[in-house]
S.K.: 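A single structure is presented below for examination.
In what follows, chains carry the letters A, B, and so on, assigned in the order in which the sequence lines appear, proteins first and then strands, with residues in each chain numbered from 1. Please read all numbers here as calculations on a predicted model, not as lab measurements.
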2 protein chains.
Amino acid sequence: MRQPAGRSARRSGGERKPREERWAELIEVATRVFYEKGYDAASLQDIADRLGMLKGSLYYYIQSKEDLLFDVISAVHKEGLAVVRARAGTPGDPLQRLRNVIVGHVEHTCQNLVQTTVFLHELSALPPERRTEVLGNEHAYQGVFRDLIELAQKEGLVRADLDPRLAALSVLGSTNWVYRWFRPGGEFTAEQIAAELAEMAIRGIASTE
Amino acid sequence: MRQPAGRSARRSGGERKPREERWAELIEVATRVFYEKGYDAASLQDIADRLGMLKGSLYYYIQSKEDLLFDVISAVHKEGLAVVRARAGTPGDPLQRLRNVIVGHVEHTCQNLVQTTVFLHELSALPPERRTEVLGNEHAYQGVFRDLIELAQKEGLVRADLDPRLAALSVLGSTNWVYRWFRPGGEFTAEQIAAELAEMAIRGIASTE
DNA sequence: ACCGCTACCAAACGGCCGTTAGACGATGAT
DNA sequence: ATCATCGTCTAACGGCCGTTTGGTAGCGGT
């Protein structure tokens with residue numbers, strides 16, 4: 001024995017890192033674990049293990065397990081919302097912009113599959129209060145789609161007998177469902193999917209001239 | 001004290017019922033609890049409480065908690081599949097039949113909202129083996145939609161440049177998403193939703209004449 | 001040389017989890 | 001009257017959960 005004996009030889013694999021860096025790792029690892037096991041089935045033990053630290057040490061960074069889910073979810077939601085809002089504000093008629101929005105939304109989903117899956121699947125694990133804190137008081141995401149459809153309808157580009165809210169929910173359905181079946185390197189590319197879904201969605205609501 | 005004293009007065013609220021009846025109650029209660037809390041967050045304690053029995057007593061009916069989820073899920077899946085298959089087999093051209101299928105699928109979803117939600121949301125909580133045992137080896141549900149679309153395409157009713165698999169996934173997306181926002185007694189009736197979603201889906205894929 | 005802070009460890013906490021074993025009262029058949 | 005069976009209770013099991021408390025090594029600043 002050449003170590004000071006006993007307790008000191010047992011320094012575990014724990015690297016020491018600056019706060020910011022560890023925080024980024026933590027969010028990344030938590031996202032992946034939530035993705036693989038689901039929020040409720042995932043344990044802080046799982047997350048700590050992958051970071052090479054003890055689960056108690058996580059509390060240096062968080063106040064509760066729920067905080068992790070909240071941060072993961074609100075980050076990806078904020079990002080996705082920025083994408084669609086940016087595309088909704090481009091020039092062109094409302095239907096062209098809607099196509100643009102759909103393409104951006106689907107591509108963002110495919111390129112951030114893990115985060116998006118956690119967002120869409122585990123949102124219901126958040127208590128109602130924090131859920132609406134994420135979504136905004138009246139479903140910001142849905143609003144972008146609905147407003148564009150409503151606008152297009154006023155310009156005669158969309159069937160007059162269609163309820164814009166229902167149309168928005170239909171489009172959001174087909175696009176959000178993508179997280180269920182898209183796999184990178186699979187049968188279709190993200191761009192193919194985005195373009196085809198947009199085409200179907202727009203044909204589905206456009207007025208027949 | 002007129003009871004034989006002590007232990008005997010403590011007969012809890014437990015009613016004794018025949019096996020079949022209790023089994024039906026058990027499935028019903030389990031479905032609701034899984035719906036409200038999610039499978040992982042739900043406990044056998046929750047379920048036993050609502051049945052007025054102890055959690056240990058549940059093992060007279062099941063071998064494991066997972067059995068409950070499996071039974072709930074496979075029941076509603078089987079039922080829904082029967083609905084769409086029946087409608088797929090009606091007379092008419094493939095596009096008419098597809099409309100019929102979509103309407104049936106959406107109405108079944110709305111009329112069995114709790115079961116459908118558990119099915120769609122908690123399917124991922126089943127181990128892969130039992131998951132495919134439910135879905136059938138190659139996604140029976142998806143197949144019904146895809147086959148009809150493929151058939152319609154061969155008859156020139158659907159755009160030739162469209163991949164039937166992608167089209168099926170688009171339709172399944174908009175229709176399956178319904179469980180996320182439909183509420184009985186809300187803004188729209190199940191029949192409205194079914195009809196409108198079917199209309200949009202079919203216009204989205206139909207060939208322009 | 002000392003201090004204070006930062007990033008973690010060590011060890012425990014109460015609590016609930018799914019699951020099992022054995023006992024037991026009521027019921028219905030013999 | 002006896003007896004098997006059925007549906008449930010009682011009581012525990014080991015195990016993992018999220019969370020808390022109190023330490024402590026190492027570093028940068030002074």
S.K.: By nearest atom, which of the nucleotides dG26(D), dT8(D), dC9(C) is closest to the R16(B) side chain?
M.R.: dT8(D)
S.K.: Please name all residues satisfying side-chain hydrogen bond (donor to acceptor under 3.5 Å, both in side chains) with R146(B), sequence neighbours left out, ordered by chain then number.
M.R.: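 If we apply the side-chain hydrogen bond (donor to acceptor under 3.5 Å, both in side chains) test to R146(B), skipping adjacent residues, there are no hits.
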S.K.: Quick one: do E28(A) and R32(A) make a salt bridge, cutoff under 4.0 Å?
M.R.: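 Salt bridge absent between E28(A) and R32(A).
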S.K.: Give a yes or no on whether a salt bridge exists between R165(B) and E150(B), defined as a side-chain N under 4.0 angstrom from a carboxylate O.
M.R.: no
S.K.: Mind calculating the distance between CD (E15(B)) and C1' (dG25(C)) to the nearest angstrom?
M.R.: 16 Å
S.K.: R19(A) has an atom CZ; how far is it from atom C1' of dC8(C), in whole Å?
M.R.: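 About 12 Å, once rounded to whole Å.
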S.K.: Would a 4.5 Å heavy-atom cut-off, applied to side chains only, mark E79(A) and Q115(A) as touching?
M.R.: no
S.K.: List for me each residue that meets side-chain hydrogen bond (donor to acceptor under 3.5 Å, both in side chains) alongside Q111(B), sequence neighbours excluded, and say none if there are none.
M.R.: none
S.K.: Between the two ends of the helix from dA1(C)-dT30(D) to dT30(C)-dA1(D), what is the bend in degrees, rounded to 10 degrees, where each end axis spans five pairs?
M.R.: 0°
S.K.: Quick one: is R22(A) getting a side-chain N or O under 4.0 Å of the dT6(C) phosphate, OP1 or OP2?
M.R.: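 So the side chain of R22(A) is outside the cut-off, no N or O lying under 4.0 Å from OP1 or OP2 of dT6(C).
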S.K.: Residues from residues 23-45 of chain A sitting under 4.0 Å of DNA chain D, heavy atoms only?
M.R.: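 Contacts with DNA chain D under 4.0 Å: A42(A), S43(A), L44(A), Q45(A).
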S.K.: With a cut-off of less than 4.0 Å, is there a side-chain N or O of S57(B) near OP1 or OP2 of dC9(D)?
M.R.: yes
S.K.: Tell me whether D67(B) is salt-bridged to R130(B), with the criterion being a basic N under 4.0 Å from an acidic carboxylate O.
M.R.: yes
S.K.: Can the ring centroids of H121(A) and Y39(A) be said to lie less than 6.0 angstrom from one another?
M.R.: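 So the answer is no for these two rings.
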S.K.: Using 30° and 60° as the class boundaries, would you call the ring planes of H77(A) and Y141(A) parallel, tilted or perpendicular?
M.R.: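 If you compare the ring of H77(A) with that of Y141(A), the planes turn out tilted.
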S.K.: Nearest whole Å is fine: how far is dT19(C) C1' from I47(B) CD1?
M.R.: 14 Å
S.K.: Return the residues of residues 58-68 of chain B meeting this criterion: a heavy atom under 4.0 Å from some atom of DNA chain C. Order them by number, or give none.
M.R.: Y59(B), S64(B), K65(B)
S.K.: Return the set of residues passing ring-ring contact (aromatic ring centres under 6.0 Å, His included) with H108(A) (not counting sequence neighbours), or none when no residue passes.
M.R.: none
S.K.: Could you tell me whether R50(B) and E36(B) have a side-chain N and a carboxylate O separated by less than 4.0 Å?
M.R.: yes
S.K.: Quickly work out the K55(B) NZ to dC9(D) C1' distance and round it to whole Å.
M.R.: 14 Å
S.K.: Could you tell me the separation between the CG atom of L54(B) and the P atom of dT19(C), rounded to a whole number of Å?
M.R.: 16 Å
S.K.: Using the benzene-type ring in the case of Trp, are the ring centres of H105(B) and F145(B) under 6.0 Å apart?
M.R.: yes
